[in-house]
Structures are given as C-alpha cells and as structure tokens.
Amino acid sequence: HFSMADNPALTPEILRRYESLYTGRFYQRFVLGEWVAAEGLVYGFFDESMVRPPPAGPMEEWRISCDYGTVNPASFGLWGRKNGVWYRVEEYYYDSKRAGRQKTDGEYAADLRRLAGEREIRRVVVDPSAASFLETLRREGWRVCKADNDVLSGIRVTAELLRSGKIVICPACGDLLREIELYRWDERQGQDRVRKEFDHAMDEMRYFAVDLVREERGQAGAAAGFVERGRF
C-alpha cells in the first residue's frame, strides 16, 4: 500500500494542491491510496465528514419525506431544521422481501406516525406514484404534497445541498448511509441513468431536496395541496 505522499516526484506544494482537488471516495483512492469503489457512484463526493449528529436543543421545524414500496422497500426520512440547516435525524426503512410480509397503507401510515412521535410535522413529501398512500395520509389529516420525480435534475439539486451543507445526514440514518455507498450510474446505458437498485432512501432524500428548493423559489404553495386537518 502507498499513498500520494509516498511519491518522491511530488513537492509539498503539489501535494497540497492535489489534495484540495478531491473529496469523498476519490480522495480515499487517489490521495490516501485506499482501493474503494468510486467510479460510477452518484454521490461520489460524499464522505464521513458530511455525517454529523443533530445539534442540541429543539428544532425550528419538522418534515418527513417518503418513498413508498410494497414489493420494494419503503423509506421515510425525518428532517429537522436548525439555523438554516436541515438534518435527517431519523429514518424508517422496511424491506418486505427481507421481512417476508408486505404492509398495507394503514400500517405504513402508523409507522409514519411513530416516526413523527409528538413532533409537529409541517409537511410530508410523498412519492407521486403512491396514490393510495397519499390518500390514506390525507384522510388521517397530514399535510401532504406530491414529490417532483425528475430524477436527473433532482440528483443535481440534492448534490448541491449536500455539498453546501444545507442538508446533513445524521448517524442514526444507517439505511440511507448504506444506500449512498451503493447508488450508482448505469454505465451500460448510452445516456445518464441511475441503476434501479439501492435507491429507496436515495429517492426519498431527493424528493425532500427538490421540494425544499421549490419552496424557496416560491413555487411550493401552489403545488403542495396541503390538508389542514387534525393536530398535524
């Protein structure tokens, strides 16, 4: 094993410049010399330095994002805002194939309620294809909006928010952290596409990011379709 620093042809100034060019898996491979899979990762820049615990004290606002699945896994993320930063503090992840049983819309709604706890959830951003689950949540009084499912533009938005620190992943979100290490571009295709695997928490994080940017641009209100019923 050797690292970039072991190359005698590189001066300290060049080493510092090269080190500043890389982040995430690329830094591990080209600077530290660790043989990790970087090629094809959608979020190849993401590394351990971007995983932080939530700050102390109460959050200013709470939201939940959902990727619905019956045969495929379902993933819900609980997001809290503090000082302009959104933290994905907890998650719910259910793989029916692994568990050996599919869940109903009502069971998923109960799981979402448990994830929310006693927190006041301002908005639940949901997979737009999950029509029956959306209706179940509406009937239970949640403020629900359909997510934008443009994958490529959504990935760009999510990457920008992760890089800038506007959204932060917390250590409790183990399934998202597992997926982000495996979420890859499909290099067999002649155009930009992602592989349809290890993408459930990835889709749900993307839904949240796009909805957040859309709201900041003043477009969320018209598209959200809120239901102002119940204590949520």
Side-chain angles (χ1 to χ4, degrees), residues 23-25 38-47 50-51 61-69 72-81 84-93 112 121-131 133-134 137 143-170 173 175-226:
T23 59
R25 299 300 171 271
E39 289 85 352
L41 285 177
V42 173
Y43 301 111
F45 61 87
F46 188 88
D47 62 19
M50 298 181 176
V51 181
E61 184 183 329
W62 292 99
R63 300 185 185 186
I64 293 177
S65 52
C66 302
D67 185 57
Y68 177 84
N72 293 319
S75 178
F76 306 160
L78 175 66
W79 300 84
R81 177 171 59 85
V85 176
W86 285 90
Y87 296 85
R88 191 180 188 274
V89 298
E90 294 180 27
E91 67 181 5
Y92 167 83
Y93 195 95
L112 189 147
I121 306 300
R122 181 184 176 192
R123 173 142 84 237
V124 183
V125 187
V126 184
D127 176 355
S129 67
F133 184 53
L134 277 160
L137 294 182
R143 302 183 184 106
V144 182
C145 68
K146 291 183 179 180
D148 184 325
N149 200 19
D150 187 325
V151 177
L152 294 182
S153 65
I155 286 173
R156 287 192 290 270
V157 167
T158 305
E160 180 180 346
L161 295 185
L162 285 169
R163 285 181 183 273
S164 67
K166 184 69 178 292
I167 62 175
V168 171
I169 310 304
C170 298
C173 300
D175 282 296
L176 184 145
L177 294 172
R178 173 182 57 82
E179 283 195 1
I180 207 168
E181 298 280 347
L182 301 169
Y183 191 44
R184 314 182 80 82
W185 297 107
D186 191 344
E187 297 172 345
R188 297 166 298 181
Q189 300 290 335
Q191 53 187 323
D192 288 340
R193 290 185 181 176
V194 289
R195 294 183 184 179
K196 287 300 295 174
E197 56 183 2
F198 311 116
D199 60 350
H200 310 289
M202 297 294 94
D203 286 351
E204 164 244 301
M205 175 173 64
R206 173 168 53 81
Y207 297 155
F208 174 82
V210 172
D211 182 73
L212 184 63
V213 170
R214 184 174 62 182
E215 180 188 38
E216 291 177 348
R217 293 174 180 170
Q219 300 172 6
F226 294 155

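These numbers come from the heavy atoms of this one structure, side chains and all, not from hydrogens, waters or symmetry mates.
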Show the nearest heavy-atom pair for residues [X] and [Y], with the distance to one decimal.
X	Y	answer
Leu134	Lys146	CD1-CG, 3.8 Å
Cys170	Tyr87	SG-CB, 3.9 Å
Val125	Ala147	CG1-CB, 3.7 Å
Ala209	Leu161	CB-CD1, 3.7 Å
Ala74	Gly69	CB-N, 3.7 Å
Val124	Leu112	CG1-CD1, 4.0 Å

Taking C-beta and beyond as the side chain, do [X] and [Y] meet within less than 4.5 Å on heavy atoms?
X	Y	value
Met205	Glu179	no
Pro128	Tyr207	yes
Phe46	Leu177	yes
Val194	Met202	no

When rounded to the nearest 0.5 angstrom, what is the spacing between [atom1] in [X] and [atom2] in [Y]?
X	Y	atom1	atom2	result
Cys145	Arg214	SG	CZ	6.0 Å
Trp86	Glu61	CH2	CD	3.5 Å
Ser75	Asp199	OG	CG	10.0 Å
Arg122	Arg63	CZ	CZ	4.5 Å
Ile121	Trp79	CD1	CH2	13.5 Å
Tyr43	Ile155	OH	CD1	5.0 Å

For Tyr183, which residues count as a side chain to side chain donor-acceptor pair (under 3.5 Å) partner, sequence neighbours excluded?
none

Qualifying residues under side chain to side chain donor-acceptor pair (under 3.5 Å), relative to Asn149, sequence neighbours excluded
Arg206

Could you check Glu160 against Val213 for side chain to side chain contact (heavy atoms under 4.5 Å, CB included), going step by step and ending with a plain yes or no?
CA-CA 11 Å; Glu160 180 180 346; Val213 170; over 6 Å; no

Is it the case that more than 12 heavy atoms not belonging to Glu197 sit under 6.0 Å from its CD atom?
yes

Within 45° of the ring axis of Phe208 and under 6.0 Å from its six-membered ring centre, is that where the NZ or CZ of Arg88 lies?
no

With respect to Ile64, which candidate in Leu78, Val144, Val126 satisfies the side-chain contact (heavy atoms from CB on, under 4.5 Å) definition?
Leu78

Check against side chain to side chain contact (heavy atoms under 4.5 Å, CB included), Val42 and Phe198
CA-CA 11 Å; Val42 173; Phe198 311 116; over 6 Å; no

Please state whether the rings of Phe76 and Phe133 are parallel, tilted or perpendicular, taking 30° and 60° as the class boundaries.
parallel

Side chain of Glu91, backbone of Asp175: donor and acceptor closer than 3.5 Å?
yes

